Amino acid sequence: MSIGLLLHPSSPPQIPPPTTTSTGPPSFSSTAGNHHRHILSLSETCTTISHLKQLHAYTLRTTLPDETATLFLYGRFLHLSSSSSFSDVSYTFRIFNSIQQENHTPFMWNTLIRACAHDVSRKEEAFLLYRKMLERGKSSPDKHTFPFLLKACAYIFKLSEGKQIHCQILKHGLGKDVYVNNSLIHLYASCGCLDLAKKVFDEMPERSLVSWNSMIDALVRAGEFDSALEMFRETQESFEPDGYTMQSVLSACAGLGSLSLGAWAHAFLLRKRGFEVDVLIKNSLIEMYCKCGSLRMAEQVFQTMRKRDLASWNAIILGLATHGRAEEAMACFERMVENVKPNSVTFVALLIACNHRGLVEKGRLYFDVMVRDYGIEPALEHYGCIVDLVARAGYVSEAIDMVMNMKMKPDAVIWRSLLDACCKNGASVELSEQIATHIIEDNQSSNGSSGAYVLLSRVYASANRWNDVGIVRKLMTEHGIRKEPGCSSIEINGVTHEFFAGDTSHPQTKQIYKQLRLIEEKLSSIGYSPDQSQAPLVDSSREKECSLRLHSERLAIAFGLLNLPPQTPIRVFKNLRVCNDCHEVTKLISKMFDTEIIVRDRVRFHHFKDGSCSCSDYW
DNA sequence: GTAGGGTTAG
């Protein structure tokens, strides 16, 4: 039988077939060894699972030289069937199970474990296989086994299993293997155990670029951006950075919100040769520039991309959204759908765009379109945006209905949006109490509920229930809960200056407040009256004095106006969500001072490691 | 004799 005839017409190889020793006289080659070599070479040219199955069938009818050769060939089949281009794991299992148990080699076990580690729905099976491998007692795990197993483990964030595997690694004497250790670093970083990742890294006898990259990535994930950049500097003493390194570096710059560092990293990339600045790096650049407040540079990167993927579109839409440029974000979405199918993240970005600008109608529309036209189930994040949007606009009962109809448990962010709306819209004290209870119960041990306590005390104060106000304050003290202050930062000449609401600690405070008065006078002259409700909780005498100067971002803007040369763009970061009112007043100030002012929110402030910032917020 | 480690936004 001719294997050439069996293969699909599109298949590349048409190697003359061998004849088997069992099916008649040889035509041009007669040894089993030749068959073996022939099948092996054919296996290298398989491009579809169908080719492989034909080759497998052919092999079953063929006599091979010995058992070792047969097992080697089956190992190859296992590997092929589970490789990313074929990825027919059930077929891999069928081949594996067709081989007698005592003939399963470590290579076969490893291949099967790898197949499971790469398959989204089979991660758990990787552990079962490992256990079986040990139980059968014929094959010992080796240096190839553990990276696969740890990958599966990291994917499902199983720390305790990971630690057990770590023990197994040591038991089998593989604690020095660089691949195994890199996988351990990745695992511990995925589980949020920076200390353990660091320990593995520090104790490694040998490190590769991947070790450094994994460690830098671990630091970025943990929000230790400065340390990540420091490690990047160290890396270069031994290795040339690659694309992975640079993506982590860009993330670190974005995390710090430092445009100067980010621009430096960009220049480094352009200067560097030897690796391609691909879509993923470009996406990181867009994200970095957006997070560092330079939408202009982000747009430039986006515009000059020859190839864009889903993430590129999402990154730019999100950037526009968080900068309060909702119309452009929506226009970008329209262009996007002509090229790429949007996903759930796209709609988060669109809802954020609406949220930042108080576009309730549009927000409702996108929420419906997402479900109806794209079949995307709303996730917690979508609810977080829409509930906040609707609630802020004063549609409290609609927001409550939404929360009640959610398929998942609302988180503290959502409850807080509701509570905030209740406070502003004079909802009943009982309702506010109920909502506050949800938040406080969900956040017993963390500081995430500080907003709820503050809001609740406001509700009681407005109802003249001063006793209850006292009780709330006492509870806060007892639970060690601090108020979460509004905080904004601005980077000037590579130095980050930070301001809190009503802050007077800056050495230039006098001039800053003078500048603020000037801004306020100018604003009043054009009839603008700042929205009092947006002011953070401060004592009432100061609130009356000047609402404008109490906002942290406005202190930062005033500082920027004082210290930057005219026409220099002013970029301010806020630890909390930038609200519609802020976008509005920023636009006015930009116009009055003929300069570009951008205030944008930061997901997390790296110096609030103790969780005192709104890390759990989506914006 | 086969293979192996490190990314996707809120």
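Just so you know, these numbers come straight off a predicted model, no measurement behind them. Every heavy atom of this structure was used, including side-chain atoms; hydrogens, water molecules and symmetry mates were not. So you know, we letter chains A, B, ... as the sequences are listed, proteins then strands, and number each from 1.
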**Student:** From CE of A:M288 over to P of B:dT8, roughly how many Å is that when rounded to an integer?
**Tutor:**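 That distance rounds to 19 Å.
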
**Student:** When you measure from the side-chain N and O atoms of A:K291 to the phosphate of B:dG10, is any distance below 4.0 Å, counting only OP1 and OP2?
**Tutor:**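 So the side-chain polar atoms of A:K291 do come within 4.0 Å of the phosphate oxygens OP1 or OP2 of B:dG10, strictly under.
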
**Student:** From B:dG4, B:dG10, B:dA9, pick the nucleotide closest to the side chain of A:F148?
**Tutor:**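 So the nucleotide nearest the side chain must be B:dG4.
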
**Student:** By the salt bridge (Lys or Arg N to Asp or Glu O under 4.0 Å) test, which pairs, at least two apart or in different chains, include something from residues 308-326 of chain A?
**Tutor:** A:E299-A:R325, A:R325-A:E328

**Student:** Once you apply a heavy-atom cut-off of 4.0 Å, does A:L184 come out as touching a base, just sugar-phosphate, or nothing?
**Tutor:** nothing

**Student:** Can you see whether A:S312 engages A:N314 through a side-chain donor-acceptor pair at a distance of less than 3.5 angstrom?
**Tutor:** no

**Student:** Answer with base, sugar-phosphate or nothing: what part of the nucleic acid does A:S208 contact at a heavy-atom distance below 4.0 Å?
**Tutor:** base

**Student:** Can you name the residues that form a side-chain hydrogen bond (donor to acceptor under 3.5 Å, both in side chains) with A:R37, not counting sequence neighbours?
**Tutor:** A:N34

**Student:** Select one nucleotide: of B:dT2, B:dG10, B:dG1, the one nearest the side-chain heavy atoms of A:F107.
**Tutor:**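 From the listed options, B:dT2 comes nearest.
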
**Student:** Write down the distance between CG (A:D411) and C1' (B:dG10), rounded to a whole number of angstrom.
**Tutor:** 12 Å

**Student:** State plainly whether the residues A:R233 and A:E230 are in salt-bridge range, i.e. N to O under 4.0 Å.
**Tutor:**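 Looking at A:R233 and A:E230, the cut-off is met.
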
**Student:** Please, which pairs that meet salt bridge (Lys or Arg N to Asp or Glu O under 4.0 Å) have at least one residue in residues 106-123 of chain A, sequence neighbours excluded?
**Tutor:**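 Passing the test, one end in residues 106-123 of chain A: A:D119-A:R122, A:R122-A:E125.
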
**Student:** For the side chain of A:T68, starting at C-beta, report the closest nucleotide among B:dG10, B:dG1, B:dA3.
**Tutor:**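 The answer is B:dG1, which lies nearest to the side chain.
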
**Student:** Near DNA chain B, which residues from residues 306-319 of chain A have a heavy atom under 4.0 Å away?
**Tutor:** A:L310, A:A311, A:N314, A:L318

**Student:** Is A:H144 touching bases, backbone alone, or none of the nucleic acid, heavy atoms closer than 4.0 Å?
**Tutor:** base

**Student:** Using side-chain hydrogen bond (donor to acceptor under 3.5 Å, both in side chains) as the criterion, list what pairs up with A:K143, not counting sequence neighbours.
**Tutor:** none

**Student:** Of all the nucleotides listed (B:dA3, B:dG4, B:dG10), which has the minimum atom distance to the side chain of A:S344?
**Tutor:**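 The listed nucleotide nearest to A:S344's side chain is B:dG10.
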
**Student:** Would you mind telling me which of B:dT2, B:dA3, B:dG4 lies closest to the side-chain atoms of A:K143?
**Tutor:** B:dG4

**Student:** Rounded to the Å, how far apart are A:R221 CZ and B:dA9 P?
**Tutor:**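 About 10 Å, once rounded to whole Å.
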
**Student:** Measure from the side-chain heavy atoms of A:R76 and tell me the nearest of B:dT2, B:dG1, B:dG4.
**Tutor:** B:dT2

**Student:** Counting any heavy atom closer than 4.0 Å, what does A:K151 reach on the DNA or RNA strands: base, sugar-phosphate only, or nothing?
**Tutor:**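 Sugar-phosphate contact only.
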
**Student:** To the nearest Å, give me how far apart CG (A:L350) and C1' (B:dA9) are.
**Tutor:** 13 Å

**Student:** Rounded to whole Å, how long is the line connecting atom CG of A:L351 with atom P of B:dG10?
**Tutor:** 15 Å

**Student:** Using a heavy-atom cut-off of under 4.0 Å over every strand shown, decide if A:D177 touches base, sugar-phosphate, or nothing.
**Tutor:**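 Base contact - A:D177 has a heavy atom under 4.0 Å of at least one base atom.
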
**Student:** Taking atom C1' of B:dG4 as reference, at what distance in whole Å does atom NZ of A:K176 sit?
**Tutor:** 20 Å

**Student:** Excluding sequence neighbours, so at least two apart, what forms side-chain hydrogen bond (donor to acceptor under 3.5 Å, both in side chains) with A:S248?
**Tutor:** none

**Student:** Rounded to the nearest angstrom, tell me the gap between atom CG in A:L80 and atom P in B:dT2.
**Tutor:** 15 Å

**Student:** Atom CG of A:N110 to atom C1' of B:dG1: distance rounded to whole Å?
**Tutor:** 15 Å

**Student:** Examine A:K53 relative to A:Y91 and say whether NZ or CZ is less than 6.0 Å from the centre of the six-membered ring and inside a 45° cone about the ring axis.
**Tutor:**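 Here A:K53 passes the 6.0 Å and 45° test against A:Y91.
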
